[in-house]
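Please read the structure below before turning to the comments.
Residue numbering restarts at 1 for every chain, and letters A, B, ... go by the order of the sequence lines.
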Number of protein chains: 2
Amino acid sequence: MAGQKIQRQTGVALWRQIADRIRTSINHGDFDETGMVPPETMLALQFGVNRHTIRSALGALAQEGIVRAVQGRGTLIERKERLSFPISKRTRFSQGIGDQVRETRSVLLAASEEAASVELARQLKINTGTRLVRLETLGQADHRPVSRATSWFPADRFGGIADVYRATGSITKAFKELGVPDYVRVVTEITATHADEGDLADLQLSPGAIVLITQALNTDLDNVPVQYSISRFAADRVRFTVEN
Amino acid sequence: MAGQKIQRQTGVALWRQIADRIRTSINHGDFDETGMVPPETMLALQFGVNRHTIRSALGALAQEGIVRAVQGRGTLIERKERLSFPISKRTRFSQGIGDQVRETRSVLLAASEEAASVELARQLKINTGTRLVRLETLGQADHRPVSRATSWFPADRFGGIADVYRATGSITKAFKELGVPDYVRVVTEITATHADEGDLADLQLSPGAIVLITQALNTDLDNVPVQYSISRFAADRVRFTVEN
DNA sequence: CGGAATTTGTGCGTATGTATG
DNA sequence: ACATACATACGCACAAATTCC
């Protein structure tokens with residue numbers, strides 16, 4: 001984190017730029033030897049700002065639960081982690097990261113039914129206006145939110161999927177109960193953007209945080225689309241891995 | 001773009017948050033029918049801010065060359081793009097996006113030689129301390145910077161790759177000249193973070209902007225690692241596509 | 001062509017947020 | 001905690017350019 005310059009008058013406050021950089025450094029393991037952030041005076045010198053500004057930045061990180069300031073000792077690092085998500089034909093939420101955490105859970109936030117928009121119809125290869133079941137879910141690892149997803153399923157085949165999902169907490173198991181023993185990921189699109197209001201709430205992020213977005217299509221073994229989903233991951237908690 | 005809420009007092013100025021959202025909407029094609037951004041008064045109403053604030057946001061986008069305001073008429077959209085990068089066994093910079101832009105170019109920023117670190121040795125399956133050639137490159141599409149990459153090659157096989165790359169402007173062609181007719185992408189890791197100082201300069205971004213990072217290993221057809229690279233993409237200009 | 005409506009451009013005063021010392 | 005300087009955001013008013021009837 002040597003000599004990084006901070007930009008003034010760009011619409012992003014100095015304390016936030018600095019908070020973001022310190023968060024990145026922590027995730028990168030730059031302070032692993034001591035388990036602490038450098039003293040405020042040293043950070044102020046490094047970034048070329050007043051100590052007040054550093055305190056604002058550390059205050060924001062403390063609010064996120066990433067660091068904890070202790071008078072007389074310093075600012076301790078509370079948490080750093082980045083889950084690795086494999087993206088492949090067999091992409092599932094819990095399976096790929098099962099060995100990295102103690103517990104994975106998926107919670108149903110909302111369920112509704114709607115008519116397929118032009119875009120959804122194109123993705124799921126159905127007619128516009130076809131009835132779809134829409135599920136809003138939250139993925140957690142060790143009780144910390146990792147991703148929020150919106151998924152659409154053709155209502156004629158999967159009308160009752162909300163109830164089954166609520167009971168099992170798993171898309172894979174819900175599909176099995178509804179006569180789809182297996183399914184495969186056909187294509188995944190990955191983009192990144194700033195967290196929106198819903199991300200801040202559901203994923204417990206702070207404004208300016210980054211979300212990685214995947215848009216994915218799953219089909220059954222007969223190549224018939226069964227699920228289209230848009231997932232939003234807290235970018236500083238995950239990494240995607242593509243095996244070719 | 002209906003009813004998106006803007007966050008106050010978060011260290012990110014309202015005009016910057018709004019500029020980012022409008023840029024996203026433009027890239028998403030929300031204003032394609034008219035080719036124009038909605039009037040300032042309407043945007044002010046939608047975002048719940050003063051018209052001056054909207055003007056600051058549009059001013060920033062005008063500075064980026066994305067929109068152009070014309071008195072009496074409105075604010076015209078000058079450019080919108082999000083290049084789609086396929087990630088597969090045959091991932092190359094120019095090939096996948098060739099049909100989306102008029103011109104792709106790759107520029108050599110710097111070249112040097114260094115000893116393999118523990119991490120690089122692990123990735124390239126060589127001994128720590130083995131000599132490596134390191135290339136810093138900048139990928140451009142239609143004269144706009146899209147990605148910056150650092151690549152490492154075993155120096156014993158590819159000692160002269162810097163000169164060949166400078167001449168051809170292509171890794172693929174450089175490999176061919178150096179006796180590697182073909183190579184494949186083994187694994188790609190994808191993360192996202194805030195732009196650092198180098199990103200701001202090379203990719204012409206503003207602070208708070210997002211970069212998508214890929215870490216990738218390429219091998220020759222005998223499964224011998226030939227290149228390890230870390231690339232940083234301007235997140236609002238690209239999209240990754242994984243085909244399974 | 002006239003004139004109203006629409007839309008961007010500009011100025012000023014004020015309140016609050018950010019950053020320094 | 002206090003004083004200072006500048007950036008951000010608001011509200012109001014009016015000017016200038018374009019469009020449309």
Would you indicate which nucleotide in [options] comes nearest to any side-chain atom of [X]?
X       : options               : value
A:His52 : C:dC12, D:dT19, D:dA1 : D:dA1
B:Pro39 : D:dA9, C:dT7, D:dC10  : C:dT7
B:Thr53 : D:dT18, D:dA9, D:dA16 : D:dA9

Interatomic distance where [atom1] belongs to [X] and [atom2] belongs to [N] [whole Å]:
X       : N      : atom1 : atom2 : answer
B:Asn50 : C:dT16 : CG    : P     : 16 Å
A:Phe47 : C:dA19 : CZ    : P     : 13 Å
B:Arg51 : D:dT8  : CZ    : P     : 19 Å
B:Gln17 : D:dT8  : CD    : P     : 13 Å
B:Arg68 : D:dA17 : CZ    : C1'   : 14 Å
B:Gln71 : D:dC14 : CD    : C1'   : 12 Å
A:Trp15 : D:dC6  : CH2   : C1'   : 18 Å
A:Arg55 : C:dT20 : CZ    : P     : 14 Å

Any side-chain to backbone donor/acceptor pair from B:Arg16 onto A:Thr10? Under 3.5 Å, distance only. yes

A:Phe240 and B:Phe240: aromatic ring centres closer than 6.0 Å? no

Does a side-chain N or O from B:Ser56 land closer than 4.0 Å to OP1 or OP2 of D:dT8, or not? no

Identify, between B:Glu40 and A:Val49, the residue whose nearest nucleotide on DNA chain C lies closer to the 5' end. B:Glu40

Please work out if B:Thr75 contacts a base, only the sugar-phosphate, or nothing of the nucleic acid, heavy-atom cut-off 4.0 Å. sugar-phosphate

A:Arg134 with A:Glu113: basic N within carboxylate O range, under 4.0 Å: no

Do A:Ser84 and A:Thr241 have side-chain atoms, one donor and one acceptor, less than 3.5 Å apart? yes

Between A:Gln123 and A:Trp152, does any side-chain donor sit less than 3.5 Å from a side-chain acceptor? no

Can you tell me the base-pairing partner of C:dG3? Count Watson-Crick or G-U wobble geometry only, both distances below 3.5 Å, and say none if there is no partner. D:dC20

